[in-house]
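Numbered from 1 within each chain, the chains take letters A, B, ... in sequence-line order. Note that this is a predicted model, so its numbers are computed, not measured.
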Protein chains: 2
Amino acid sequence: MPGKQAVAAEETANAGRIRRGQLLHIVESAERAFAEAGFAGTTMTRLAEAAGLPKANLHYYFGTKEKLYRAVLENILTLWLDDMAPIVPERAPAEALGAYIRAKMGHSRARPHASKVFASEILHGAPHLRGFLTHELRRRVTEKTRVIEHWIARGRMAKVDPVHLFFAIWAMTQTYADFDVQMRAVLGCTALGAAEYEAGEETVLRLVLHGCGLETEDTNEGEQCPCRS
Amino acid sequence: MPGKQAVAAEETANAGRIRRGQLLHIVESAERAFAEAGFAGTTMTRLAEAAGLPKANLHYYFGTKEKLYRAVLENILTLWLDDMAPIVPERAPAEALGAYIRAKMGHSRARPHASKVFASEILHGAPHLRGFLTHELRRRVTEKTRVIEHWIARGRMAKVDPVHLFFAIWAMTQTYADFDVQMRAVLGCTALGAAEYEAGEETVLRLVLHGCGLETEDTNEGEQCPCRS
DNA sequence: AGAGAAATTGACTGCTTGGTCAACTTCTTT
DNA sequence: AAAGAAGTTGACCAAGCAGTCAATTTCTCT
């Protein structure tokens, strides 16, 4: 029996081994390709080149370009929601918002292609993400909004519109992935390095924390910031 | 002679009257169409429909889809730079930055399609805007950066990285045009109205002004904010 | 009014696109 | 080892694409 079980387990572990590997490989290379040109601007031939496979092989696994694109999007969405985890009522507002901003900036740096695919999708009307936006995201934002309202009610941070605060944080953090070309042009550098990301993170932290009437960690030269209007 | 001049003037005013009108009409309707689907996602047939003209007529005026797209982009770029006009050393930082933010928010509301076309272009590597970014925009940012450094040196505002401050302002203001679909989904409304734009503007003003150690206008319940770390 | 320039447009074309398919190879299981 | 399942692939196709063109109408100026 144990032998048979082991064999069965080995079977299931083996079954679809190649499949799983190829699915992941194709989705990952497609993320990069879609980020460069968007859904409409990316051809199946280009996606095949990016994966180093013949076009027909991609169709074997995903059927259509649209289904491959959806797979790429879905791979990205989890990241999006998980970043919000630090925002819980028990934590101090400055600490929670700081952790959130750091997580978002980290993702902008580590997964710029994911951010670009997401941005391009929303920019063009989010035809493949309506459900995610109006259900999963909306629910999560409502939930986290209540945490912020709780902090405000307790006088732990300034009175700021929580939803617009999220819009601001999303915009400021994602811009480091989405608009990197513009930043590189303005800064006159060929790539955004650690220095630029650190300066960006510091700026975003400063604007958000001071805007919420909270002190920044790197400038605690004494007492708490009294901006509580 | 004066008669001949008048006639000549009338001639030049008349010559190309239809041309000018059609060029403008096509560029304006194309802006909307390109905003919806990006350069690659917008077909000449779609652009023709948007303008209410046959496809061949668009080719008569612009030659190629790419030239029409460039015309749309160039129409947008002037807006971009002109918004920065309020930022001059003579003005008070809070007033100047406030005016800049209001101008940018105003454009996001009045010309959302322009913002989306610009965003889509940069998102996909800015193949048609390299020159603008590395020359005109870079020069302008460097110039305005000096104004902010001047304010900081005089102790008129907190020490904030001026370039990243611009990145933050661009991101927060343009997101109201570019990501409106996401906002509408999260807010559960069908269109962003005056209320949403006012709440957004207030939030952006708050974050930027408090982040720069400047008081907000709507909350001057006494003295200046002492955040000057 | 008339002649030449400017503008309009339906019909067309060569090419690229997403997607199919049948022949083939490689794995997995017994 | 053998057979069936899973994976691979070059050749192919219909549809849609940007762009052309010649015939026609409308405009402008004298």
Side-chain angles (χ1 to χ4, degrees), chain A residues 1 3-27 29-30 33-34 36-73 127-128, chain B residues 3-27 29-30 33-34 36-73 124 127-128:
Chain A
M1 274 312 174
K4 204 165 189 178
Q5 264 187 330
V7 170
E10 202 180 300
E11 265 176 50
T12 33
N14 225 0
R17 180 178 52 86
I18 293 174
R19 184 171 192 83
R20 264 195 307 271
Q22 293 288 60
L23 286 172
L24 189 70
H25 168 67
I26 294 168
V27 165
S29 56
F34 279 129
E36 280 167 16
F39 176 74
T42 310
T43 65
M44 284 301 291
T45 305
R46 176 76 195 84
L47 289 164
E49 277 171 15
L53 293 168
K55 197 161 66 84
N57 198 232
L58 271 63
H59 280 290
Y60 170 72
Y61 281 111
F62 290 93
T64 68
K65 179 183 166 185
E66 183 149 358
K67 283 179 188 164
L68 170 52
Y69 180 68
R70 294 189 103 101
V72 171
L73 274 180
H128 307 90
Chain B
K4 203 164 188 178
Q5 266 189 331
V7 169
E10 201 181 298
E11 264 176 51
T12 33
N14 223 2
R17 180 178 52 85
I18 293 173
R19 186 171 190 83
R20 264 195 306 272
Q22 293 287 60
L23 286 171
L24 190 70
H25 168 67
I26 294 168
V27 165
S29 56
F34 279 128
E36 280 167 15
F39 176 74
T42 310
T43 66
M44 283 303 290
T45 305
R46 178 72 196 85
L47 289 164
E49 276 171 15
L53 293 168
K55 195 161 67 82
N57 199 230
L58 271 63
H59 276 107
Y60 170 72
Y61 281 111
F62 290 94
T64 67
K65 178 183 166 185
E66 183 148 356
K67 283 179 187 166
L68 170 53
Y69 180 68
R70 296 189 103 100
V72 171
L73 274 180
H124 300 132
H128 306 90

Whole-Å distance separating the CG atom of N57(B) from the P atom of dA23(D): 19 Å

For the student: nearest non-hydrogen atoms of Q22(A) and N57(A), plus distance: NE2-OD1, 4.1 Å

Expected output: side-chain K55(A) to main-chain E49(A) donor-acceptor under 3.5 Å: no

Y60(A) side chain near dT20(C) phosphate (N/O to OP1/OP2, under 4.0 Å): no

Donor-acceptor under 3.5 Å (H128(B) side chain, L73(B) main chain): no

Nearest-neighbour nucleotide for the P54(B) side chain, dG18(C), dG10(C), dT8(D) considered: dG10(C)

Atom pair distance, as rounded to whole Å: CG in L47(B) and P in dA18(D): 8 Å

Nearest non-hydrogen partners of T42(A) and A33(A), listed with the distance: OG1-O, 3.5 Å

Options dT20(C), dA18(D), dG19(C), nucleotide nearest the side-chain atoms of M44(B): dA18(D)

Side-chain N,O (Q22(A)) to OP1/OP2 (dA6(D)) below 4.0 Å: no

K65(B) side chain, from C-beta outward: closest of dG19(D), dT9(D), dT28(D): dG19(D)

Minimum-distance nucleotide (side-chain atoms of A56(A) versus dG10(D), dC27(D), dT9(C)): dG10(D)

Heavy-atom side-chain proximity of R70(B) to F62(B) below 4.5 angstrom: no

Proximal nucleotide (of dT8(D), dC17(D), dT28(D)) relative to the T43(B) side chain: dC17(D)

Under-4.0 Å side-chain N/O to phosphate OP1/OP2 contact, R17(B) with dA6(C): no

Whole-Å gap separating C1' (dA18(D)) and CZ (F34(B)): 12 Å

d(CZ, R20(B); P, dA6(C)) in whole Å: 14 Å

Nearest-Å distance for atom pair NE2/P, residues H59(B) and dA18(D): 8 Å

Terminal helix-axis angle for the helix from dA1(C)-dT30(D) to dT30(C)-dA1(D), with five pairs defining each axis and rounding to 10 degrees: 30°

Donor-acceptor contact below 3.5 Å, side chain H25(B) vs main chain A51(B): yes

K67(A) side-chain N/O to Y61(A) backbone N/O, donor-acceptor pair under 3.5 Å: no

Whole-Å distance separating the NE2 atom of H25(B) from the C1' atom of dT8(C): 14 Å

Value in whole Å for how far the P atom of dC12(C) lies from NZ of K55(B): 14 Å

Distance test, side-chain N/O of R19(A) to OP1/OP2 of dG7(D), below 4.0 Å: yes

Whole angstrom value for the distance that separates C1' of dC21(C) from CG of L58(A): 17 Å

